[in-house]
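To start, the structure under review is shown below, and the notes come after it.
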Amino acid sequence: MDREAFREALLAVMESKEHPSWPAFTSGRVPADRLHLHLEQEWGVYIRDFPVLLGRAYVQCPLPEVRRDLAENLYEEETGGLGAGRPHPELFLEIPAGLGMDLQRFHQVRLIPEAQAYRGQLDAATVQQGWPIAVAVTTLFLEGTPHERHLFDPSAPARPEPPLEDHPLVRHYKLPVERLALVRAHRDVEGGHRIAAWRMVLDHVPATDRAAVVAAMEATVVAWSAYRGAVASACGVQ
Ligand SMILES: [Fe+2]
Ligand SMILES: [Fe+2]
């Protein structure tokens with residue numbers, strides 16, 4: 001697989017990281033008293049542990065250039081020291097706190113079966129399969145969006161960034177806008193993480209590992225999609 005085919009295959013995976021249930025979450029159709037299920041599962045399945053998942057990629061990687069990008073991302077995610085000012089997982093909890101949810105539920109979250117399966121895929125990809133897959137699944141898949149192509153092609157749609165006052169959680173669920181500190185921080189610092197992610201994967205993953213990276217990304221999006229479907233059902237979305 002040449003570099004161009006590799007990039008196209010990865011972009012195709014990212015473009016499939018869209019679930020038909022998502023508009024129900026952004027249009028206020030998920031009942032307010034079920035929204036905690038979505039936030040708790042997101043927290044437990046990857047947000048709480050995202051710095052650890054990145055760290056697993058870091059410790060496996062023999063290439064200093066890649067480790068430097070991972071270390072910078074890890075430091076920001078774990079501490080907020082380069083931008084956000086606080087650890088990103090901690091900033092996420094501002095959202096359920098601002099919605100008046102019981103945070104105890106987050107500290108004792110039990111993953112639904114499809115979330116456990118998705119987490120199993122994330123653990124396998126970050127522990128057992130070598131640094132190229134660990135880097136791709138954490139920095140490309142988990143941090144990335146369906147709009148990655150815009151990084152390479154300005155005519156491709158960019159990720160929409162409406163004013164925070166128009167964020168669905170503010171509009172439909174009355175979240176005080178200052179609780180969107182994580183969204184604000186991501187708009188500031190994650191652009192750099194997107195560029196670094198593609199640099200690590202396209203410039204440093206050995207050509208002989210490209211097919212395995214694409215296969216792992218495809219397995220991840222399949223597990224993610226089943227997880228999103230199950231969360232939607234739990235939230236009462238058909
Ligand atoms: Fe990041
Ligand atoms: Fe982050």
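Atoms within each ligand, like the ligands themselves, are counted from 1 in listed order. Just so you know, these numbers use all the heavy atoms, side chains as well, and skip hydrogens, waters and symmetry mates.
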Ring centers of W22, F25 separated by less than 6.0 Å: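 Under 6.0 Å, so yes.
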
Centroid-centroid under 6.0 Å between H186 and H193 rings: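 For H186 and H193, the ring centres are not under 6.0 Å apart.
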
The Fe ion (ligand 2) - name of the N/O/S atom of H186 that sits closest to it: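 Closest to the Fe ion (ligand 2) among those atoms: NE2.
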
Which N, O or S atom of H88 lies nearest to the Fe ion (ligand 2), by name: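 For H88, the N/O/S atom sitting closest to the Fe ion (ligand 2) is ND1.
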
ND1 (H193) to the Fe ion (ligand 1) to OD1 (N73) angle, given to the nearest 10 degrees: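 About 80° at the Fe ion (ligand 1).
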
Apex the Fe ion (ligand 1); atoms E77 OE2 and E190 OE2; angle rounded to 10 degrees: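 That angle is 70°.
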
Going by distance alone, is a donor N or O of one side chain under 3.5 Å from an acceptor N or O of the other, for [X] and [Y]?
X: H38; Y: R228; result: yes
X: Q121; Y: W224; result: no
X: E42; Y: Y227; result: yes

Name of whichever N/O/S atom of E143 is nearest to the Fe ion (ligand 1):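 The closest N, O or S atom of E143 to the Fe ion (ligand 1) is OE2.
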
